[in-house]
Structures are given as C-alpha cells and as structure tokens.
Amino acid sequence: MSRIGRRPIELPAGVQVALSPGRVQVTGPLGELAQDVPARMRIEQTDGEIVVSRPTERGEDRALHGLTRTLIANMVEGVTKGFEKRLEIQGVGYRAQLKGTDLELAVGYSHPVVIKPRPGITFEVPTPTEVVVKGIDKQAVGQTAAEIRKVRPPEPYKGKGIRYRGEHVRRKVGKRA
C-alpha cells in the first residue's frame, strides 16, 4: 500500500464503525447504515479516526480511493446529523401537503400526485409551497428529492414548477408580436 489517505475521517462520540472485507457498517444516534466498498481499498480504524488507503497510484485506484472515503464520510455525517433537501413549488395554485406520511402534490394536473416515502425518508411541509426531504442516507434523500422535482420540473417561460431551493432557472423570452 503506497499512500495513506490525506484526510482521515473523524468519528464523533457515539458513532461505532464495523469493518469487514468489502463492507462498512456505521451506527450512530440517528440510525444505522451499511455500504459495500471496493475490497481493494484498505480501511483502518485507529484512535477515533478512519483512514482509507489505496494499493497503487493507478487512476482507477485513485478514483475508488476518493469514492470510498466520501461514502464513509457521508455515512458518518448521516448517522450523526442527517441530510435534508429543500424544494420550492412555484406556480398559481401549486401546493403540497402531507397525507399521513405521504406527500400529495397539486401541480397543475387533473389529479393530485401522491409520493410515498422510501424507508428511512420523511417529508415535511412547513408551508404549502415548500417541501423538505429528510433522512440519514444522502443518496436516498437526493434520489427522492429528484423524483419529486421530476413530477413538474421548472419550465423556462414562466418559471412554474418544482425546483431545489436556490436553483436558478434560466428564463426564455416568449413569442414576440
């Protein structure tokens, strides 16, 4: 093994990591996550830190090294703080509401669109035009938020639709007389 990971992952108090060949399991105050990782990468736990190192300097190993380190760091952050994505709904009459744990969207179709949460994902609707997707798995939170946005992506002429908070939608000029 030639190079040690430059940035060790700090383990906060209350987080346990179980390492086995090709698999990492992280348990913390918010829950438990497990992830398959490339078996070539060497993962060591010492003094409240996790260090990922790679076998060679080849491009493929360098890429897998960064990926492995980031996956583990995201799992540690997820079980301690959690992740959230915020979506904004823009358009006259467009709104969201919770029906139990499901999210119901009224976004200009003849029927309401109901989205069921994945395991480990929760929805919040602080205002009828704002949706918050929360969970401990960063990938599941992002995928769920993308599926909600896909129901009615923002259109370029009036800007109506569902967008991520802070997302800039390039506007087009309409027909000219």
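- Within the 4.5 Å cutoff, the side chain of Y109 has heavy atoms near those of the R152 side chain.
- A donor atom on one side chain and an acceptor atom on the other are not found under 3.5 Å apart for Q35 and R23.
- D47 places no side-chain N or O within 3.5 Å of a backbone atom of E49 that could act as its donor or acceptor partner.
- For the residue pair F83 and G78, the shortest heavy atom distance occurs at CE1-CA, 3.5 Å.
- Relative to the six-membered ring of Y164, K85 meets both conditions, a distance below 6.0 Å and an angle of at most 45° to the axis.
- A salt bridge does not link E88 with R86: every distance from a Lys NZ or Arg NE/NH1/NH2 to an Asp or Glu carboxylate oxygen is 4.0 Å or more.
- Panel note: side chain H65, backbone M41; no donor-acceptor pair is recorded below 3.5 Å.
- Atoms NZ and CZ, from K160 and R163 in turn, are 12.0 Å apart once rounded to the nearest 0.5 Å.
- Atom NZ of K116 and atom NZ of K99 lie 12.0 Å apart (nearest 0.5 Å).
- Looking at heavy atoms from C-beta onward, D102 lies in side-chain contact with P117 at the 4.5 angstrom threshold.
- L30 is not listed as a side-chain neighbour of T80, based on a closest heavy-atom distance of 4.5 Å or more.
- Judged by distance alone, the side chain of E60 and the main-chain N or O of A63 form no donor-acceptor pair under 3.5 Å.
- Hydrophobic clustering places V141 together with V131 (ILVMFWY residues linked when any side-chain heavy atoms are closer than 4.5 Å, directly or through intermediates).
- Between F123 and I115, the shortest heavy-atom distance links the atoms CE1-O, 3.7 Å.
- A salt bridge does not link K138 with E77: none of the charged nitrogens is closer than 4.0 Å to a carboxylate oxygen.
- The two residues I9 and A73 make their nearest non-hydrogen contact at CD1-N, 3.8 Å.
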